[in-house]
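Heads up: the structure comes next, in structure tokens.
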Amino acid sequence: MPRYSTGEAPGGHSYLQKAAMNGSCKIENGGLKNGYVKNGVCPEDRILNGGLYKRPFHEAFEETPMLVAVLTYMGYGILTLFGYLRDFLRAWKIEKCHNATEREDQRDFVPLYQDFENFYTRNLYMRIRDNWNRPVCSVPGERVDIMERFTDDYNWTFKFTGRVIKGVINMGSYNYLGFAQNSGFCAEASAVVLQQYGGGVCSTRQEMGNLDKHEELEHLVAEFLGVDAAMTYGMGFATNSMNIPALAGKGCLILSDELNHASLVLGARLSGATIRIFKHNNMQSLEKLLRDAIVHGQPRTHRPWRKILILVEGIYSMEGSIVRLPEVIALKKKYKAYLYLDEAHSIGALGPNGRGVVDYFGLDPRDVDIMMGTFTKSFGGAGGYIGGSKVLIDYLRKHSHSTAYATSMSPPVAEQIITSMKCIMGADGTSLGRERVEQLAENTRYFRRRLTEMGFIIYGNSDSPVVPLMLYMPAKIG
């Protein structure tokens, strides 16, 4: 990873400089952006920010060209009109209806779901359904093997031919560092553990499901993150959705980024805390909510909030943007709030040492109160973790629903994570992990630069391995 001079900072932040720039802007990777760049910065407009940022931060969300926007709306409008026409024909039995319907003996029941909720599925998605859910029968590497299938009823059902299509380029896997493999040191170590421990634990961590492998993994995670302690869970989604309710409740305030993952949204809702949304990666919006929360307190009573918890992600998995963590930490310290950082996509994939967005910005991990991440991406495993102070982790061991009710992580999966994490840390005596992290960073920048040069509109940060490429028109998806 290249080194950068101290003090270089992003634009696009409303109290640093204007958030939007009109006119075209020449982005560093060589592409000429179209018109309006939101949350972005031209190299010539880069400014210093008191040393908060130690590296340049290029993030752009290009405005959709007017012609493309008009044609996209027209495309969806035409599909919607034809959808209503086909629904009319189906209602009069002129066209055969393939989608699921209520049983005859339940015709008088209140429907479980509104019919319009299925409108998109049966009239738009069904036309291009063959692009999704293709059964893969190989390791999720750079190329995959998929089962060949065909349809004779316009994608309502599929039949398999029995043949396998080999060497299909994989553009959608989370296997950032290539540790999800069926051969090599990770697979061999997992196979040994499978022989010794079996495939499952069949108990929770609070009962009979606490293995020495789990203890080893948690000590390793804490060392990797640079925190006092860590707790691991068997499911990444539940790591968020079941732990946030243990950290916040009635009388607490949660400030959540508008583009946070569904697991964070669900956890916040289950907590019973008051939830307020700030604009994506917009520090002015976040600071306004923090200031209002301190000044006005709780609704009606105006009592102080019991606690304020800020929820952000390291890399946003649909937008490819990286959180402005130095600024979030500065605001968190200024207003005495707590910070919950979800590093599902950034841990292992960002930073010179692969230790996530904290490592990427060169920050102190102890400035983040709750560090969350998953093992399903860079480590090629499953599950998630929470890292922080020993007091926090001891509290979660007793009060987290995931600890009390969820089955423990499978031992071979735990060994897969241990082996891959040691490789990234260099604890295996090789430089393979660091080389993979550096290769991912190089691939990311190259891929983004070449797509831009080819004329595609892509979103997000120039260092983000999540690369959203905008297609817009539904006909292009197929």
Side-chain angles (χ1 to χ4, degrees), residues 1 10-13 19-21 25 27-31 33-34 36-43 53 55-64 68 169-177 236 256-265 278-283 311-328 341-351 354 356-361 373-374 376-378 437 439-472 476-477:
M1 295 284 286
H13 181 282
M21 294 172 290
C25 168
I27 300 302
E28 192 174 50
N29 60 12
K33 290 298 181 182
N34 175 65
Y36 173 91
V37 182
K38 174 186 175 187
N39 242 359
V41 58
C42 297
Y53 288 84
R55 59 182 303 147
F57 188 89
H58 306 296
E59 196 159 278
F61 297 87
E62 183 180 345
E63 185 186 46
T64 307
V68 174
I169 297 175
N170 180 6
M171 302 292 285
S173 175
Y174 297 148
N175 190 14
Y176 292 132
L177 300 179
S256 178
D257 190 288
E258 65 180 349
L259 298 181
N260 273 340
H261 189 263
S263 59
L264 290 168
V265 174
F278 62 92
K279 295 177 182 178
H280 175 55
N281 239 354
N282 188 313
M283 297 302 106
L311 301 184
V312 294
E313 295 186 46
I315 294 179
Y316 290 84
S317 58
M318 297 302 292
E319 293 74 30
S321 53
I322 297 176
V323 65
R324 298 181 183 275
L325 190 60
E327 299 170 59
V328 175
L341 174 64
D342 179 346
E343 292 221 69
H345 283 271
S346 54
I347 193 69
L350 270 187
V357 70
V358 176
D359 184 33
Y360 175 78
F361 286 113
T374 62
T376 53
K377 283 83 176 176
S378 298
V437 172
Q439 186 66 58
L440 173 64
E442 182 181 335
N443 289 351
T444 295
R445 288 189 291 269
Y446 172 79
F447 188 57
R448 283 180 168 273
R449 184 180 71 250
R450 293 291 290 119
L451 285 177
T452 305
E453 290 172 358
M454 293 167 68
F456 289 106
I457 294 176
I458 57 175
Y459 279 1
N461 192 283
S462 57
D463 289 326
S464 169
V466 176
V467 187
L469 188 151
M470 308 305 293
L471 294 177
Y472 297 107
K476 282 188 175 181
I477 298 174

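Predicted model, so just to flag it, every value in this text is computed and none were measured.
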side-chain contact (heavy atoms from CB on, under 4.5 Å) between Val466 and Tyr459, worked out: CA-CA 9 Å; Val466 176; Tyr459 279 1; over 6 Å; no
Apply side-chain contact (heavy atoms from CB on, under 4.5 Å) to Glu313 and Leu264, showing your working. CA-CA 9 Å; Glu313 295 186 46; Leu264 290 168; 3.7 Å; yes
Starting from the C-alpha separation in whole Å, work towards a yes-or-no answer on side-chain contact (heavy atoms from CB on, under 4.5 Å) for Ile315 and Val357. CA-CA 8 Å; Ile315 294 179; Val357 70; over 6 Å; no
Take Leu469 and Leu471, measure what side-chain contact (heavy atoms from CB on, under 4.5 Å) needs, and give me the verdict at the end. CA-CA 6 Å; Leu469 188 151; Leu471 294 177; 3.8 Å; yes
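By the side-chain hydrogen bond (donor to acceptor under 3.5 Å, both in side chains) test, Ser378 is found to be paired with no residue, residues two or more places apart in sequence or in another chain being considered. With sequence neighbours left out, Ser321 forms a side-chain hydrogen bond (donor to acceptor under 3.5 Å, both in side chains) with His280. For Tyr176, there are no ring pair (Phe, Tyr, Trp, His ring centres under 6.0 Å) partners two or more places apart in sequence or in a different chain. Residues meeting the ring pair (Phe, Tyr, Trp, His ring centres under 6.0 Å) test with Phe361, sequence neighbours left out: Tyr53, Phe57. For Asp359, the side-chain hydrogen bond (donor to acceptor under 3.5 Å, both in side chains) partners are Asn353, not counting sequence neighbours. For Tyr472, the ring pair (Phe, Tyr, Trp, His ring centres under 6.0 Å) criterion is met by no residue, not counting sequence neighbours.
A donor-acceptor pair is defined here as one N or O able to donate and one able to accept, closer than 3.5 Å; no such pair exists between the side chain of Arg448 and the backbone of Ile458. Side-chain atoms of Thr444 come within 3.5 Å of backbone atoms of Leu440 as a donor-acceptor pair (strictly under, hydrogens ignored). Side chain of Arg449 to main chain of Ser462: no donor-acceptor pair is present (N/O by atom type, distance under 3.5 Å, no hydrogens or angles).
For His345 and Tyr174, the ring centers sit closer than 6.0 Å to each other.
Atom CZ of Phe278 is separated from atom CG of Leu311 by 8.0 Å, given to the nearest 0.5 angstrom.
For the 3.5 Å distance criterion, the side chains of Tyr316 and Asn281 fail to qualify, holding no donor opposite an acceptor.
Here the side chains of Ser346 and Val323 are not in contact, with every heavy-atom distance at 4.5 Å or above.
Look at Asp463 and Arg55 and you find a salt bridge, because one of the NZ, NE, NH1 or NH2 atoms lies within 4.0 Å of a carboxylate O, short of that distance.
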